Protein chains: 4
Amino acid sequence: MQKPTFDPGLTQQYAGPLRRIINPDGSFNVLRRGTNWRDVNPYLYLVSAPWVHFLGLVLLGYVLVNSLFAAIYFMLGPNALQGSGDTATAPDRFLQCVFFSAQTVTTVGFGAIAPASRAANLVAALEALTGLLGFAVATGVMFGRVSRPSARIGFSERAMISPYQDGSSFQFRMVNRRANSLIEPEVTLMLMTVMRADGSHRREFNLLKVEREKLMLFPLTWTVVHPIDAESPLAGKSAADLENLQAEFMVLVKAWDETFSQTVHQRFSYRYSELVWGGKFLPAFGVDESGSLQVHVGEVGRFIAAGTGN
Amino acid sequence: MQKPTFDPGLTQQYAGPLRRIINPDGSFNVLRRGTNWRDVNPYLYLVSAPWVHFLGLVLLGYVLVNSLFAAIYFMLGPNALQGSGDTATAPDRFLQCVFFSAQTVTTVGFGAIAPASRAANLVAALEALTGLLGFAVATGVMFGRVSRPSARIGFSERAMISPYQDGSSFQFRMVNRRANSLIEPEVTLMLMTVMRADGSHRREFNLLKVEREKLMLFPLTWTVVHPIDAESPLAGKSAADLENLQAEFMVLVKAWDETFSQTVHQRFSYRYSELVWGGKFLPAFGVDESGSLQVHVGEVGRFIAAGTGN
Amino acid sequence: MQKPTFDPGLTQQYAGPLRRIINPDGSFNVLRRGTNWRDVNPYLYLVSAPWVHFLGLVLLGYVLVNSLFAAIYFMLGPNALQGSGDTATAPDRFLQCVFFSAQTVTTVGFGAIAPASRAANLVAALEALTGLLGFAVATGVMFGRVSRPSARIGFSERAMISPYQDGSSFQFRMVNRRANSLIEPEVTLMLMTVMRADGSHRREFNLLKVEREKLMLFPLTWTVVHPIDAESPLAGKSAADLENLQAEFMVLVKAWDETFSQTVHQRFSYRYSELVWGGKFLPAFGVDESGSLQVHVGEVGRFIAAGTGN
Amino acid sequence: MQKPTFDPGLTQQYAGPLRRIINPDGSFNVLRRGTNWRDVNPYLYLVSAPWVHFLGLVLLGYVLVNSLFAAIYFMLGPNALQGSGDTATAPDRFLQCVFFSAQTVTTVGFGAIAPASRAANLVAALEALTGLLGFAVATGVMFGRVSRPSARIGFSERAMISPYQDGSSFQFRMVNRRANSLIEPEVTLMLMTVMRADGSHRREFNLLKVEREKLMLFPLTWTVVHPIDAESPLAGKSAADLENLQAEFMVLVKAWDETFSQTVHQRFSYRYSELVWGGKFLPAFGVDESGSLQVHVGEVGRFIAAGTGN
């Protein structure tokens with residue numbers, strides 16, 4: 001069995017022609033089975049969950065904690081709280097307990113309802129502590145959510161098979177869509193192909209050499225160029241060949257984000273059907289009337305097709 | 001005296017046949033003596049302590065601070081606080097001081113009890129400040145606790161001595177049990193053996209070469225393979241030899257966690273008694289009916305024994 | 001077309017003679033067009049914005065949230081809140097709602113105004129939660145702002161073309177203006193020139209070799225020296241040549257900040273007009289009367305001009 | 001002039017025989033002059049300042065903010081606050097304003113004193129916001145203080161000139177005094193000597209090669225060994241020579257702290273007078289009665305002197 005020349009940590013197993021390996025949002029097309037609740041880190045979950053899930057969970061926790069403490073105050077009897085109306089019906093009294101609980105756990109403490117009995121005072125002291133610790137966690141998770149490092153690199157929608165020196169090359173283009181500085185961006189380019197051997201299918205992975213793997217700075221666009229020389233696995237391949245091989249080009253970018261003071265990672269992929277044979281990228285920056293350099297972030301993918309135009 | 005070929009930072013001293021060096025939870029079998037309180041970083045302690053210790057300490061601190069301030073309010077006399085009931089007995093009055101203190105330090109401030117005298121007002125102003133600063137520390141430590149980076153890599157329970165190319169190999173398998181992305185995982189594999197020389201025992205450490213020390217991504221399982229070639233310290237060793245040498249295989253894994261934006265480390269070890277001679281790992285992933293790749297996280301250790309089956 | 005010997009991630013396009021590439025504050029002279037609101041990370045924006053913008057936004061949010069909840073309380077009718085004065089006019093009542101809202105969202109909760117109806121109690125419970133979550137974000141962003149790693153390296157205002165060994169050299173000097181420790185500082189020096197070919201202009205970038213790219217520690221001044229040897233792109237160039245080429249020397253510094261426990265980056269640049277031909281830096285440190293080493297941070301740029309004096 | 005073989009970022013200038021370069025606490029013996037207030041990063045200052053300074057500044061800020069707002073409430077007249085006693089004297093009224101301000105800025109809000117006029121309500125709303133933002137900063141700085149990564153490596157008090165293989169060696173020993181894991185510790189060893197040439201003194205710095213610059217783990221003690229071979233600047237030097245050269249051995253350690261998830265750095269130095277010629281370190285670990293390895297952290301410096309004993 002022929003060994004792949006490079007192991008990206010993916011599998012050689014072939015899962016049919018319909019799926020790409022890396023989705024446009026950078027996630028992998030892999031399902032995970034057999035995990036259990038101990039494999040879930042609550043913080044990682046809360047930091048990654050959509051806002052509506054996160055806020056829903058916070059609200060749910062708020063309601064549960066309030067209900068629990070309200071039930072305790074209620075069970076402590078009508079004299080536990082002052083200001084809650086001695087003549088109130090039981091449902092009214094329970095609602096008063098809920099409102100008092102909410103005012104305690106958030107440390108608002110209006111005082112229109114206040115603990116009167118010793119037991120209620122003690123429970124309220126514990127509830128205020130619970131509230132402070134609970135909101136400490138919520139504060140931490142909120143901070144984790146909003147400050148979570150991420151890159152927002154824009155990729156050209158299409159990759160080009162462009163003329164290059166004496167031969168041709170695989171090219172795609174990137175731009176930092178945000179205004180913050182990315183420093184020392186590095187790129188890794190990988191080709192996935194599906195090989196047929198003995199009637200079965202097998203994935204194969206190859207690193208593709210790029211002209212420059214790393215820049216110092218990244219204020220403009222970056223055209224990543226893989227020269228298709230004799231050593232390239234793309235050498236001599238036609239568009240039909242790449243379709244036949246179900247070629248997928250995987251891109252991994254890594255950079256230092258100056259504002260986050262963190263390393264950020266982003267992934268992207270191009271399938272054979274997203275190549276433009278003979279296309280060329282058009283400049284995405286220019287000089288405006290005042291003499292300043294301008295990057296047109298939205299034009300990172302602008303190209304001219306060979307012959308046919310675009 | 002023969003020099004070990006590699007120094008992992010451990011000792012050659014031999015501590016008897018019963019102990020492994022790295023426990024399954026990744027900690028070392030080393031006791032520390034002679035440290036004093038200045039060697040304890042409170043933050044490191046609070047961040048690492050079990051939840052029940054941490055919450056117990058928070059509660060203890062809460063009770064102590066409340067008792068201290070309650071004692072001060074009590075000593076300021078019956079007119080220090082309003083709403084606390086002028087006709088109260090001393091124990092009742094002290095309890096009122098405790099409740100007032102709790103309402104102040106948590107900044108709940110119901111107001112049913114409120115500071116009346118100048119001195120009480122001043123102390124309450126300081127207690128509220130104390131409370132805010134104290135809960136600031138608690139918030140920070142809570143955040144440190146919940147956001148503390150960690151990996152949860154699942155290791156196969158057994159390591160295999162499997163056929164490999166023309167010879168054999170030492171193999172174990174790992175999977176990321178969590179759903180978050182680990183990037184550029186790196187592995188270091190180390191063999192510890194106990195040598196007998198001149199009637200005494202001495203530990204020896206050797207790095208074992210692995211086929212691939214680093215992957216780019218880690219969405220699936222990773223079978224780490226040490227080929228037992230002529231240079232391997234395992235060359236020509238039988239199961240009995242490894243038992244005799246009390247062989248322990250130490251695994252150190254390092255990866256970049258995309259959600260934490262941090263490097264995470266994890267350790268594991270296999271003893272000679274956890275090897276399966278001639279065993280082979282069975283695939284832990286497959287393609288489901290919809291054509292998607294699936295990893296079965298719980299089957300990272302699934303293998304077939306040689307001849308005997310499993 | 002001649003290929004530049006080094007790609008810093010900038011462009012060869014020439015934008016007129018008036019602009020430098022790196023501004024003295026380290027930012028790039030590049031305008032960005034075509035970005036949209038999805039390209040703005042709110043956290044990055046809030047962390048980078050000037051204090052007056054940030055505080056203005058916080059105040060605006062405070063006013064908006066208060067107005068929104070005040071409107072809700074107002075619509076709940078005169079009996080929603082107690083203590084707000086039953087005979088109040090509508091504008092007065094609305095103001096009371098605003099003040100109550102502010103007391104609720106900040107969790108002050110004086111209680112002089114308090115929720116009376118069920119609906120008002122419920123809204124107040126939600127508003128207190130909103131306040132805690134909102135201020136959790138504000139706390140996180142405040143922490144992000146104040147704790148954002150940065151370096152404050154002082155650069156000499158002028159760079160020197162100084163005698164060096166048998167030839168000459170390009171030199172500039174740096175000092176850490178802060179009292180904290182910078183460890184393992186690294187420098188990258190880059191020359192940008194504008195070449196004329198076929199009537200058009202093109203930028204060219206070259207890395208300049210420096211005597212030492214990295215120090216272990218940085219408690220004193222650091223004179224970075226690029227020897228102008230035969231391989232240097234400065235070899236044989238006169239002041240007029242550099243003006244003609246519109247030479248700009250770009251400096252990138254990277255170090256580990258011990259207090260932030262983070263890598264920090266800083267940029268600077270010298271244009272041809274900021275060179276002193278034949279100048280020499282004067283020492284910026286000395287030994288005081290007590291025998292201690294002293295660095296004069298403000299004298300990092302002190303030099304003596306050739307012949308003419310300074 | 002002879003060039004030093006290595007530049008640690010320190011100076012060749014000689015500051016008299018009395019001073020060491022690195023103090024035992026790791027700081028440098030360098031005074032900084034000419035900095036101004038813009039060179040002070042408030043966060044770095046507040047995070048590094050002693051606790052008593054930090055808490056003093058917090059208290060000062062609290063008093064100032066309270067005084068400022070109290071003055072405003074006072075100027076708003078006797079009807080601004082309710083519950084503050086209409087018949088109070090001016091000093092009494094001012095004190096009431098101070099207490100109300102403290103209850104507002106900490107968001108305690110007892111309500112016994114409450115804002116009555118529109119203006120007072122508005123100012124109180126702003127003061128509560130001010131308090132929340134101010135304590136957000138205080139929370140961040142507290143977190144920065146307590147969570148600031150640091151190492152606590154214990155160094156042997158003396159370094160040894162010990163027999164080693166066929167010759168001798170410079171040795172010192174380290175231990176992690178804390179219970180947390182330090183991973184991949186790295187050491188740099190540097191020799192500083194003072195040379196006399198032409199009647200003046202000049203410092204010279206040399207890197208000393210060590211047997212192992214890096215370990216994988218650091219659960220035990222680490223004896224760092226510089227073999228004094230022919231290439232060593234110590235070759236052939238006697239104790240009198242090193243005193244004459246005022247030799248100082250500087251140690252820089254770097255490791256990954258698993259609990260902080262951060263790189264930590266620590267420095268130490270040995271002067272010629274802290275060497276033990278012919279001494280040998282005694283083991284600092286052993287096996288206890290239960291067969292467990294034990295490190296005696298306090299015995300990291302235990303040695304036996306040559307001949308004379310210790």
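As the structure is a computational prediction, the values presented were derived from the model and not from experiment. In the text below, chain A, chain B and the rest are named by the order of the sequence lines, each starting its count at 1.
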Point-to-point distance, once rounded to the nearest 0.5 Å, from [atom1] of [X] to [atom2] of [Y]:
X: C/Met142; Y: D/Leu132; atom1: CE; atom2: CG; result: 10.0 Å
X: C/Leu95; Y: D/Arg118; atom1: CG; atom2: CZ; result: 5.0 Å
X: C/Asn180; Y: D/Leu44; atom1: CG; atom2: CG; result: 5.0 Å

For this session: Say whether, by atom type as modelled, one donor and one acceptor occur between the side chain of D/Arg32 and the main chain of C/Asn176 under 3.5 angstrom.
Result: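 Side chain of D/Arg32 to backbone of C/Asn176, a donor-acceptor pair under 3.5 Å: yes, one is there.
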Problem set entry | side chain to side chain contact (heavy atoms under 4.5 Å, CB included) assessment of C/Leu59 paired with D/Leu126 | CA-CA 9 Å; C/Leu59 194 60; D/Leu126 289 176; 4.0 Å; yes
Report yes if some heavy atom in the side chain of [X] is under 4.5 Å from a heavy atom in the side chain of [Y]; otherwise report no.
X: D/Pro115; Y: C/Phe110; answer: yes
X: D/Asn36; Y: C/Arg177; answer: yes
X: C/Val297; Y: D/Arg33; answer: no
X: C/Arg152; Y: D/Asp39; answer: yes

Exercise. More than 12 heavy atoms of other residues, nucleotides or ligands under 6.0 Å from CG of C/Asp166: is that the case?
Worked result: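 Count not over threshold, so no.
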Exercise. Highest number of heavy-atom pairs under 4.5 Å with chain D: which of C/Glu299, C/Glu258, C/Gln262?
Worked result: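 Most heavy-atom pairs within the cutoff with chain D belong to C/Glu258.
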Problem set entry | Contact leader toward chain D among C/Gly109, C/Ala102, C/Gly298, C/Ser147, where contacts are heavy-atom pairs under 4.5 Å |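 It is C/Ser147.
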Taking side chain as everything from C-beta outward and backbone as N, CA, C, O, which of these in [X] sits under 4.5 Å from a heavy atom of chain D? Side chain, backbone, both or neither.
X: C/Ser181; answer: side chain
X: C/Val175; answer: neither
X: C/Ala284; answer: neither

Exercise. Measuring heavy-atom distances to chain C, does D/Leu133 have an atom under 4.5 Å in its side chain, in its backbone, in both, or in neither?
Worked result: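 D/Leu133 touches chain C through backbone and side-chain heavy atoms alike.
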Problem set entry | Per-residue contact mode, D/Val108 against chain C (heavy atom under 4.5 angstrom) |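 Backbone only.
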Exercise. Does the side chain to side chain contact (heavy atoms under 4.5 Å, CB included) test come out yes or no for D/Arg267 and C/Leu217, once each step is laid out?
Worked result: CA-CA 11 Å; D/Arg267 292 185 286 274; C/Leu217 304 164; 4.2 Å; yes
Exercise. For C/Arg178 and D/Val40, what are the C-alpha separation, side-chain angles and deciding distance, and is it a side chain to side chain contact (heavy atoms under 4.5 Å, CB included)?
Worked result: CA-CA 6 Å; C/Arg178 290 197 186 132; D/Val40 176; over 6 Å; no
Problem set entry | Ring center gap for D/Phe135 and C/Phe135 short of 6.0 angstrom |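 No - the distance between ring centres of D/Phe135 and C/Phe135 does not fall below the 6.0 Å cut-off.
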Exercise. How about D/Phe143 and C/Phe143: are their ring centroids closer than 6.0 Å?
Worked result: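 That pair passes the under 6.0 Å test.
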Exercise. Of the non-hydrogen atoms in D/Gln82 and C/Ala112, which two are nearest, and what is the gap between them?
Worked result: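 In this case the closest contact between D/Gln82 and C/Ala112 is NE2-CB, 3.7 Å.
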Exercise. Of the non-hydrogen atoms in C/Trp256 and D/Thr263, which two are nearest, and what is the gap between them?
Worked result: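 For C/Trp256 versus D/Thr263, the nearest heavy atoms are CZ2-O, 3.4 Å.
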Problem set entry | Side chains of D/Asn121 and C/Gln103, donor plus acceptor under 3.5 Å |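 A pair is found: one side chain offers a donor N or O, the other an acceptor, under 3.5 Å apart.
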Exercise. Which residue out of D/Ser48, D/Pro149, D/Ala114, D/Gly144 racks up the most heavy-atom pairs below 4.5 Å with chain C?
Worked result: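 Result: the option with the highest number of such pairs is D/Pro149.
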For this session: Mind ranking D/Val264, D/Leu31, D/Leu252 by heavy-atom pairs under 4.5 Å with chain C and telling me who comes out on top?
Result: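 Maximum pair count with chain C is reached by D/Leu31.
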Exercise. Should the pair C/Glu184-D/Lys254 be classified as a salt bridge under the 4.0 Å nitrogen-to-oxygen rule?
Worked result: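 Looking at C/Glu184 and D/Lys254, the cut-off is met.
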Problem set entry | D/Asn41/C/Phe260 under side chain to side chain contact (heavy atoms under 4.5 Å, CB included): CA gap, chis, key distance, verdict | CA-CA 11 Å; D/Asn41 179 306; C/Phe260 283 122; 3.9 Å; yes
